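Report on the structure given below.
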Amino acid sequence: MRTSQYLLSTLKETPAHAEVISHQLMLRAGLVRNVASGLYTWLPTGLRVLRKVEQIVREEMTKAGAIETLMPMVQPADLWQESERWEDYGPELLRLQDRHERSFVLGPTHEEVITSIIRNEVNSYKQLPLNVFQIQTKFRDEIRPRFGVMRGREFLMKDAYSFHITDECLKKTYQTMFDAYCRIFDRLGLDFRPVVADNGSIGGEGSHEFHVLADSGEDDIVFSDSSEYAANIEKAEALAPVGERPHGTQSIKEVATPDAKTIDAVATTLNIAVNQTVKTLLVQGATEDHPVIALVVRGDHQLNEVKAENLPQISSPLTFVTEEQVQQTVNCNIGSIGPIGLSIPVIVDRSAAHLADFVCGANKDGFHYTGVNWDNDLSNYTVADIRNVVEGDPSPCGKGKIVIKRGIEVGHIFQLGNKYAKAMNCGVLTESGKNQTLTMGCYGIGVSRIVAAAIEQNHDKYGIKWPKAIAPFQAAIVPMNMAKSERVKETAENLYKQLTSVGIDVLFDDRKERPGVMFADHELIGTPILLIVGERNLDDNKIEVKNRITGEKSLLDITDALSLFD
RNA sequence: CGGUGAUUAGCGCAGCUUGGUAGCGCACUUGGUUUGGGUCCAAGGGGUCGCAAGUUCGAAUCUUGCAUCACCGACCA
């Protein structure tokens, strides 16, 4: 490709609205342009990267036995009604109508479509297992799109769905996919970790996320400092404190805490440590019998909403109660709620349940209790793990302490079970001639997000430093003063012909620009190898080679140029 | 959806307090100059100042409403 016939679209200045480095560099290097909130055009350079990522994913999926299809982005509402996600999915699902006023959705994912295909096309156990994938545009009407293509509303995703008769067979394919994902992210040149994950709204059991480690990540990943354990914080278990609960020595006492509306203020007022207090949160219950549930965590801990939501008593999604419900239930403001004397179910976090002589709200504005002890002062409660782990906690794997890092989720694999197959009546005849509902797995990779994640991990102050496998061009030819030197021009042209004739993806910078401008552009775009042609070295028949990753420069015989691409 | 802030040329910004002919840098066009790290000089093109209404002789500037965008919180590849 010649720059004179290409749309380079590089920018000298950083657009004001781009916050994270990958978004800034994607705009500056001319990879994408914003069209509307969460919607992007992929410019030629960006598309090249996207296609390379896509191709690696495709190759490894195929190698792992999956077969490619392409499903429509627009899907009929009846399929979603069948799976009951028409009601469950919420406003993230963009719904629309055609001219006949029939309802459709823009596909945020494709379980419904693929399940309906398989139930029609597959009738016998002999045709299974089957693993089908596609690389396709998804649409999710995110509440808040952000960070460029990292969380766009429209994005490119590889999604695969496997179908099985037995859970053993599903587990086998799941493991195959796990291994394929590791190969994919290795080939992409990313520093990644598979982590144990919650299944979320898709349901089922058994799930791993693949995270690219980067400070700008939106997820907290929990590691053990002395084992291979890694999990999303949503999933990481907070172990119960070891040993017996200390014996209380105090008796309950009501104390005035005027103006102390937060845990910190209460602790300061009473001159005690935050971890000797508990906070009580009121959330919606799952049943009409118990519309409000009290959750109790230690003052210095955070509620883990996913863990809470997974408890059967609690409504999903987790919803905090309204002001009115607070008044009806405890007749005081949020800052003074406590677990004592409530007529609603009380669920206490393991760490909070280990406290003795602690402080809690008195359900009376401006008052707290001190010297509170479980079983003495209240007995009607249950204990569960409902908090986020914090750094220094013992690792759930039993070895070492917890360390927390930020990650960008680029892949997620699930064992779905029969949720969709059952709802949509997808089964086959078994060997014994009986109908058997299938069990499913699903496996996603955020293709467009990978492009952003790769930049987050590979950049410097000059621009992007692409891993070789996904660089938009393998190399760039940068001639010095081609307009003035016939010799430079001829050499550069010949080099370009030679490289392109053997299929090397090279960008020939034939603009009439000063060297500095060209260097700056190619470093911004992140081309791994610059081939610099100048008068300076032509007497010796040499060109200069500059490596974008290492910064190393060296001289090379022109005739050896091909050796760079072995 | 709640909170915060923004909207003036393709991009980055000033002007608004105190109303009076819309400006700077980059980019773009033309000519020259320079040529191994974003040269320099000169001339030039480009803006319904987000939209609407109001106040006023007069609004980018003041008032009100709306829209869009971004950031912080709950969802997810």
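Every chain is numbered from 1, with letters handed out A, B, ... down the list of sequences. Just so it is clear, the model here is predicted, and its values are computed rather than measured.
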A/R95/A/Y89 under side chain to side chain donor-acceptor pair (under 3.5 Å): CA gap, chis, key distance, verdict: CA-CA 11 Å; A/R95 299 146 208 257; A/Y89 211 98; over 6 Å; no
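For A/K512, the listed nucleotide lying nearest its side chain is B/rU34; candidates were B/rG12, B/rU34, B/rC75. Side-chain proximity of A/P515 to the nucleotides B/rG36, B/rC71, B/rA77 is greatest for B/rG36. Minimum atom distance to the side chain of A/S37 is reached by B/rA70, of the listed B/rG36, B/rA70, B/rA77. The side chain of A/R28 has B/rG38 as its nearest neighbour among B/rG38, B/rA77, B/rA74. Closest to the A/E523 side chain, of the nucleotides B/rC75, B/rG37, B/rC69, is B/rG37.
For the pair A/R85 CZ and B/rC75 P, the interatomic distance rounds to 17 Å; values are reported in whole Å. For A/E218 and B/rC76, the CD to P distance is 13 Å, given to the nearest whole Å. The interatomic distance linking A/E544 (CD) with B/rG36 (P) rounds to 12 Å, in whole Å.
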Short N/O separations, protein against nucleotides 23-30 of chain B, under 3.5 angstrom:
residue	atom	partner	partner atom	Å
B/rG25	N2	A/E13	OE1	2.8

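Under 4.0 angstrom from either OP1 or OP2 of B/rU34 there lies no side-chain N or O belonging to A/R514. The side chain of A/R144 places an N or O atom within less than 4.0 Å of a non-bridging phosphate oxygen (OP1 or OP2) of B/rC72. The side chain of A/H412 contributes an N or O atom lying less than 4.0 Å from OP1 or OP2 of B/rA77.
Using modelled atom types and a 3.5 Å distance limit, the side chains of A/D159 and A/Q134 yield a donor-acceptor pair. With hydrogens and angles left out, the side-chain atoms of A/E111 and A/T109 include a donor and acceptor closer than 3.5 Å.
Taking atom C1' on both B/rA70 and B/rG50, the two are 15 Å apart, rounded to the nearest angstrom.
In this structure B/rC24 sits in a base pair with B/rG12, meeting the Watson-Crick or G-U test at under 3.5 Å.
Salt bridge present: A/D191 and A/R193 bring a charged side-chain N and a carboxylate O closer than 4.0 Å.
Nucleic acid contact class of A/K484 (heavy atoms, under 4.0 Å, all strands): base. Counting non-hydrogen atoms under 4.0 angstrom, A/D141 reaches nothing in the nucleic acid.
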